[in-house]
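I have placed the structure first, in the form of structure tokens, so that the comments after it can refer back to it.
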Amino acid sequence: ALTALLILLVVGSASAAGPGVEAGAPAPVFELLDPSGEPVKLTDFAGRVVVVNFWASWCSPCLRELPELDALHARLEADGAVVLALNVDRARGPALGAVRKLALTLPVALDPKQTAVEAYAPLGLPATYVVDGAGIVRSVRNGEIEAADVPALEAEVRELLGAD
């Protein structure tokens, strides 16, 4: 509980402006770099359903859910959806170490200057946003996505895919 409180304080202090991006709002666009230094922009995925997951290498719940999200990405990719893991560490090393250790295959973007996390202003980490093909946030999940939560997330994404 203390860790969760600290995460809320650390992330919450970045944005005293309000509750952050909510369902129904346009998804804030961002331009970051992937681990190899290539640009990653939310607009790269225009017209596709994107699950944007904010995580950090020091966040245990984040590290627990990433393998589930990686598997979800593998199942959804052929249908045109993307799970994008957006790391908020200020240093590249720990983020890259976690990506290697977890053998992630989903796209990863690095946000060392905290521009994307400040734009979204999640309540804490991890936080997951489902963005539809029109760039609208359809749902926000604060906290860890456990294995039991994945079917509902996948069903939501598949429903959005069918709506396009």
Side-chain angles (χ1 to χ4, degrees), residues 6-17 20-22 25-145 153 157 160-161:
L6 289 173
I7 291 170
L8 286 172
L9 291 173
V10 169
V11 175
S13 66
S15 60
V21 175
E22 297 178 344
V29 296
F30 50 80
E31 182 170 351
L32 303 170
L33 298 178
D34 74 7
S36 65
E38 293 298 313
V40 177
K41 302 184 288 256
L42 185 60
T43 53
D44 291 342
F45 307 108
R48 297 170 74 182
V49 177
V50 183
V51 178
V52 180
N53 173 258
F54 287 91
W55 67 283
S57 65
W58 44 262
C59 165
S60 297
C62 300
L63 299 178
R64 283 194 302 267
E65 76 176 4
L66 278 167
E68 294 287 345
L69 294 174
D70 195 55
L72 178 64
H73 174 76
R75 289 193 301 275
L76 293 171
E77 188 178 24
D79 297 323
V82 176
V83 179
L84 177 62
L86 211 155
N87 177 275
V88 302
D89 287 21
R90 293 187 186 274
R92 289 173 50 92
L96 300 180
V99 169
R100 271 193 305 276
K101 183 178 179 191
L102 297 170
L104 298 178
T105 60
L106 53 72
V108 174
L110 305 176
D111 189 19
K113 294 180 180 162
Q114 314 280 294
T115 54
V117 75
E118 285 179 10
Y120 280 77
L123 295 175
L125 292 178
T128 305
Y129 299 78
V130 176
V131 180
D132 69 14
I136 302 298
V137 175
R138 299 304 290 266
S139 68
V140 179
R141 288 170 172 78
N142 292 297
E144 181 179 354
I145 294 173
L153 176 58
V157 171
L160 290 171
L161 287 169

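Side chains are part of it too, since the values below use all heavy atoms of this structure and drop only hydrogens, waters and symmetry mates.
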If we ignore hydrogens and angles and just use 3.5 Å, is the side chain of Arg138 paired with the main-chain N or O of Val130 as donor and acceptor? no
Please state whether the rings of Phe54 and Tyr120 are parallel, tilted or perpendicular, taking 30° and 60° as the class boundaries. tilted
Within the 4.5 Å heavy-atom criterion, are Asp89 and Leu110 side-chain neighbours or not? no
Can you name the nearest heavy-atom pair linking Val40 to Leu33, along with the distance? CG2-C, 4.3 Å
What are the two closest heavy atoms between Val131 and Val52, and how far apart are they? CG2-CG2, 4.3 Å
Quick check for you: to the nearest 0.5 Å, what is the distance between Leu42 atom CG and Arg48 atom CZ? 11.5 Å
Which atoms form the tightest heavy-atom contact between Ser57 and Asn87, and what is the distance? N-ND2, 3.8 Å
Does some side-chain heavy atom of Leu106 sit less than 4.5 Å from a side-chain heavy atom of Leu72? no
Shortest non-hydrogen contact between Thr115 and Asp111, atoms and distance: N-OD1, 2.9 Å
Check whether any side-chain N or O of Gln114 sits under 3.5 Å from a backbone N or O of Val88 as a donor-acceptor pair, and report yes or no. yes
Nearest non-hydrogen partners of Pro112 and Arg90, listed with the distance: CB-O, 3.5 Å
Beyond-backbone contact of Leu153 with Arg141, side-chain heavy atoms, under 4.5 angstrom: yes
Are side-chain heavy atoms of Trp55 and Leu69 found at a separation under 4.5 Å? no
From Asn142 atom CG to Leu123 atom CG, the distance as rounded to the nearest 0.5 Å: 4.0 Å
With the side chain counted from C-beta on, respond yes when Pro28 and Val21 share a heavy-atom pair under 4.5 Å apart, and no when they do not. yes
With heavy-atom distances below 4.5 Å as the criterion, would you say the side chains of Pro126 and Arg64 are in contact? no
Does some side-chain heavy atom of Glu65 sit less than 4.5 Å from a side-chain heavy atom of Thr128? yes
Counting N and O atoms only, with roles assigned by atom type, does the side chain of Asp70 sit under 3.5 Å from a partner on the main chain of Thr105, one being a donor and the other an acceptor? yes
Closest heavy-atom pair and its distance - Val157, Ala81: CG1-CB, 3.7 Å
